[in-house]
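Worksheet for the structure shown next.
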Amino acid sequence: MFKTIADLADCEVRSVMRFLNAKKVKPAEIHRQLVEIYGENIMTDGKVRKWVGQFNDGRTNVHDEARSGRASVVNVCLAAKVSEKIRENRRFTIRMLCDEFPQISKTVLHEIVTNRLNYRKLCSRWVPKMLTGVHKTK
């Protein structure tokens with residue numbers, strides 16, 4: 001019986017798959033060997049087939065490619081503009097901010113106010129959390 005290997009990076013598993021594929025080992029056998037050494041939860045048979053197909057199509061990189069994902073809308077300039085509006089009128093609502101910044105969603109504005117600028121609603125006014133005695137605990 002083989003010793004099970006734990007705490008490995010995805011690129012290590014892909015390197016093994018690339019190596020075995022270069023030796024003309026079938027995807028099902030690659031999957032079987034991966035499960036034998038790394039355990040049941042290593043990778044599905046379908047993922048192994050996908051990666052083997054990519055290696056057969058000429059892929060050589062075993063690392064993840066950059067993904068587009070959801071772009072970060074919050075930047076320093078935008079947070080500063082929102083902060084300025086808050087200082088002009090402490091009794092603002094998120095809906096009022098939506099009118100001021102129509103290009104930004106209500107959810108993103110709330111995220112800026114509460115997480116980025118660290119404000120909290122207190123008696124219908126927005127005040128910094130550090131002045132209210134409320135702090136995040138992790």
Side-chain angles (χ1 to χ4, degrees):
M1 194 70 192
F2 299 104
K3 179 180 175 187
T4 304
I5 299 173
D7 297 330
L8 65 149
D10 290 341
C11 61
E12 292 176 278
V13 176
R14 294 178 196 141
S15 296
V16 171
M17 290 182 349
R18 184 172 174 224
F19 171 78
L20 292 172
N21 183 54
K23 289 183 74 173
K24 304 291 184 208
V25 177
K26 301 280 186 208
E29 178 59 20
I30 293 173
H31 181 256
R32 190 195 64 69
Q33 289 183 33
L34 289 174
V35 168
E36 185 177 25
I37 298 297
Y38 299 114
E40 278 297 316
N41 297 325
I42 189 62
M43 188 178 287
T44 65
D45 185 54
K47 285 263 190 203
V48 171
R49 290 179 191 283
K50 177 187 145 216
W51 277 98
V52 167
Q54 289 181 8
F55 293 138
N56 288 337
D57 290 341
R59 181 174 180 155
T60 58
N61 186 0
V62 295
H63 299 283
D64 285 326
E65 293 176 349
R67 295 180 228 176
S68 59
R70 188 170 126 183
S72 175
V73 180
V74 183
N75 61 32
V76 176
C77 183
L78 179 60
K81 288 178 183 177
V82 172
S83 181
E84 184 180 323
K85 286 293 177 188
I86 292 170
R87 281 186 261 119
E88 287 175 11
N89 176 13
R90 296 268 183 188
R91 293 181 183 264
F92 78 93
T93 63
I94 298 296
R95 190 170 307 276
M96 289 166 63
L97 279 179
C98 286
D99 294 339
E100 293 288 331
F101 301 97
Q103 73 278 13
I104 305 168
S105 74
K106 182 177 174 182
T107 305
V108 171
L109 281 170
H110 189 269
E111 177 78 17
I112 292 170
V113 171
T114 58
N115 294 337
R116 180 96 169 179
L117 298 176
N118 241 0
Y119 279 97
R120 178 176 181 263
K121 195 79 161 179
L122 183 68
C123 297
S124 77
R125 289 182 189 221
W126 288 90
V127 295
K129 288 180 183 176
M130 57 189 240
L131 298 178
T132 64
V134 175
H135 300 286
K136 287 184 184 178
T137 57
K138 289 187 177 183

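None of these values were measured; they are calculated from a predicted model.
Applying side-chain contact (heavy atoms from CB on, under 4.5 Å) to His110 and the options Val108, Thr114, Thr107 leaves one that passes, Thr114.
Looking at every heavy atom in both residues, Arg59 comes nearest to Arg18 through O-NE, 4.5 Å. Shown here for Val48 and Met17, the closest heavy-atom pair between the two residues is CG2-SD, 4.0 Å. Heavy atoms only, all atoms of each residue included: Ala79 and Ile112 are closest at CA-CG2, 4.2 Å. Asn61 approaches Trp51 most closely through the heavy-atom pair O-CZ3, 4.1 Å.
The NZ atom of Lys47 lies 8.5 Å from the CZ atom of Arg14; values are rounded to the nearest 0.5 Å. Residue Glu40 holds its CD atom at 11.0 Å from CD1 of Ile42, rounded to the nearest 0.5 Å. Between the OG atom of Ser83 and the CG atom of Leu78 there is a distance of 11.0 Å, given to the nearest 0.5 Å. Between the CD1 atom in Ile30 and the CE atom in Met43 there is a gap of 10.5 Å [rounded to 0.5 Å]. Separating the CG atom in Leu20 from the CD atom in Glu29 is a distance of 8.5 Å, to the nearest 0.5 Å. Between the CD atom in Gln33 and the OH atom in Tyr38 there is a gap of 10.5 Å [rounded to 0.5 Å].
Listed by chain and residue number, Lys85 satisfy the side-chain hydrogen bond (donor to acceptor under 3.5 Å, both in side chains) test with Glu100 (two or more places apart in sequence, or in another chain).
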Derivation of the side-chain contact (heavy atoms from CB on, under 4.5 Å) call for Arg116 and Glu111:
CA-CA 7 Å; Arg116 180 96 169 179; Glu111 177 78 17; over 6 Å; no
Is there a side-chain contact (heavy atoms from CB on, under 4.5 Å) between Val62 and Phe55? Walk through the geometry before answering.
CA-CA 9 Å; Val62 295; Phe55 293 138; 4.1 Å; yes
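The closest donor-acceptor contact from the side chain of His63 to the backbone of Cys11 lies at 3.5 Å or more, if one exists at all.
Here the side chains of Asn89 and Met96 are in contact, with some heavy-atom distance below 4.5 Å.
Under the 4.0 Å criterion applied to side-chain N and carboxylate O atoms, Lys81 and Glu84 are not assigned as salt-bridge partners. Between Asp45 and Arg49, at least one side-chain N (NZ, or NE/NH1/NH2) sits under 4.0 Å from a carboxylate O, which counts as a salt bridge.
Environment of CG in Asn41: sparse, with no more than 12 heavy atoms of neighbouring residues, nucleotides or ligands closer than 6.0 Å. The environment of CD in Gln103 is crowded: more than 12 heavy-atom neighbours from other residues, nucleotides or ligands sit within 6.0 Å.
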